[in-house]
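Some notes on the structure that comes next.
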Amino acid sequence: MMHIEEKFGRSINTQNQAEIEQLAYKYLDALTLEEKVRFMQGDLPLFPHIIAMGIHYNSRPLPVGKIKRLGIPPFGFSDGPRGIVMANSTCFPVSMARGATFDVDLEERIGNAIGIEGRTQGADFFGGVCINLLRHPAWGRAQETYGEDQFHLGEMGSALTRGVQKHMMACAKHYALNSMENMRFKVDVSIDERTLREIYLPHFKKCVDAGIAAFMSAYNQVNGHYCGENYHLLTEILKKEWGFEGFVVSDFIWGVYDGQKAIKAGLDVEMPFQLKMKPKKIMEWIRSGVLAEERINDSVLRILKQKLRFLRDEEPEFYSRSKIACQEHTNLALEAALKSMVLLQNTNNILPLNSEKIQKIAVLGQLADSKNIGDHGSSRVYPPYVVTPLMGIQNYFGYSKVLYENGSNLTKARTIAQEADAVIIVVGYDYHIEGEYMMGKAGDRDFLTLKSSDEQLITEIASINKNIIVVMEGGSAIIVENWKDKAACIIMAWYPGMEGGNALAQLLFGEVNFSGKLPFMVPKSADQLPYFDKNAKAITYEYYHGYRLTDKKGRTPAYPFGFGLSYTTFSYGNLHVKNTRIDKSGILEVSVDISNNGNIAGDEIIQLYLGYPESNVDRVVKELKAFTRINLSPNETKTIKLSVPVKETAYYDVDLKSWIVESGRCEVYVGSCSDIRSLMKSEFTIE
Ligand code: BGC
């Protein structure tokens, strides 16, 4: 057996690919077969894990792949994505809220903070880059992802990856097509190869390109094979075609059914402990020749390389416990909440509230004083404090001037609404209504509207006070048609994190301008959505969903993808396509002038969509291909440049098994939301 001189420790500290490779092979050679197969399961025995689940799940990092003899440390798993799930960490707004910021720089800074808080608590593997596509708003875990559009998902997920990986490994999940919850352990998702490649996978590929260390396979089946045992997804696409050099872990406990099939398909680690990939079994399979040792070597090398890549010199002062939920990180949570809330309606410019003119505000609703920061499943974060909407408004406006009733006493609610100059009603969902499906609780939503009691409260109060401001909390689209004409203002506040209440108050009073935009379209009714059945054991994911579907069918949603109001108005002009004839390897370059026409500053999210009218195959009307976020002072105009590599226009040809960039005319749309009537239009030709 080979002798290893280097201690496998942070002192290795190398980013040199060749050195990492060399060291990984050296360690591989030094490992016995018994040791190699011990890399392939979580280390925690079943019993303590179950006890820990009952108390505070993942309160400590879950260890994987420790080899004591050679001093190889385990990697320590900690979940997300709204922060580190271990003790007292910063709770950011949920990913869907962060999706509404369209702010990749902010997402990278959030990733950086998450990475620091994870490392500080002894973790070095963050399981929270959740980038499943929002196909339907009823999906219980919608809050954990960024939205319905694959380009936007890829931009946000890779930004989080870059930030986290300054400190620890990141893991993209749930690969793939995990867009429904209650039947996640069983459902077989059928999908044709083109839809798979174009709609459901590009964002995962973008995380590979960003250098992500790991992937987590999903629970569900895709075309008849569980994702953890799916050779096409794990080996053919992820490892071979995309050249992914990291490792794949299973989703927890129910992620593997047939251990041998899983390993052959390309799964590297069973999480969080051994069930179907027991070391003894793996050794038997190798010895009897049904499983090649090469495949085990490949898994071990992948894990070793990532472990080596993320070994950094210890910096005890940098990773000190004072960093957990420190001021800098809670400020970041506030910034994210401020940038994420979406103003959907503002009749007669009721907002912003003028704190000098208003004497009394009524705050009503079940969620007004609730620490409603999201699901209580595996993504639950335990921050040291949470500012509720009521607390935020009281802090800002003064305790004595805020009247409060949670809404269960309608008579009292009516009385205080009568006394108040403005009424804020906070309603929506919480972890009982949507979230991870566990022991018959939460899961996919049963309805897409507000609860009837919430709608009743809005209707009752609207008959007394015309200035009602409805603040909705929730993880994805809420249908508002039953009552939207009764409310003066509507705000989508998401699950806004530990600083959510402060952010809401600053926005309501105009201290900060609204700038969030919807990362999905809100339908008028369920028939604008794809088919969904939360009990389905089999389902087909079609090519069209979200704004692509309403565009195609010529339907008008309640609110389009990318929509959100501001306290100022922006206008677009001088859309200019620099190069109107571009070859297939070229880059489309576009410039546009954006002006702030109001007298307050504001952020605008500029969106660029492409359409392919001359395509020989069925294509979307248009799709998002670039976005950016800018700040404009009153009366300021900026010229913004956006670019798109022409290869991004490709469709996937199933027969040729390759991406095809077609020649012909392409439409370019630029503007402030996906409503085609509001967008400026130009074109270019691919030669
Ligand atoms: C969830 C994953 C999570 C894992 C570990 C599973 O139930 O689906 O998203 O990372 O638990 O917490």
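Counting convention: from 1, in listed order, for ligands and their atoms alike.
In the model, Arg194 has a side-chain atom that pairs as donor or acceptor with a side-chain atom of Tyr543 under 3.5 Å.
Residue pairs meeting the side chain to side chain donor-acceptor pair (under 3.5 Å) criterion with at least one member in residues 269-279, sequence neighbours excluded, do not occur.
When the options His203, His174, Glu144 are evaluated for a side-chain hydrogen bond (donor to acceptor under 3.5 Å, both in side chains) with Asn132, the one that passes is His174.
The closest donor-acceptor contact from the side chain of Glu434 to the backbone of Gly475 lies under 3.5 Å.
Contacts of Val386 classified as side-chain contact (heavy atoms from CB on, under 4.5 Å), with partners at least two apart in sequence or in another chain: Lys371, Ile373, Pro383. Listed by chain and number, the residues in a ring-ring contact (aromatic ring centres under 6.0 Å, His included) with His545 amount to none (sequence neighbours excluded).
Protein residues with any heavy atom under 4.0 Å from ligand 1: Tyr57, Phe77, Asp79, Arg141, Lys173, His174, Arg184, Met216, Tyr219, Asp251, Phe252, Ser378, Glu436.
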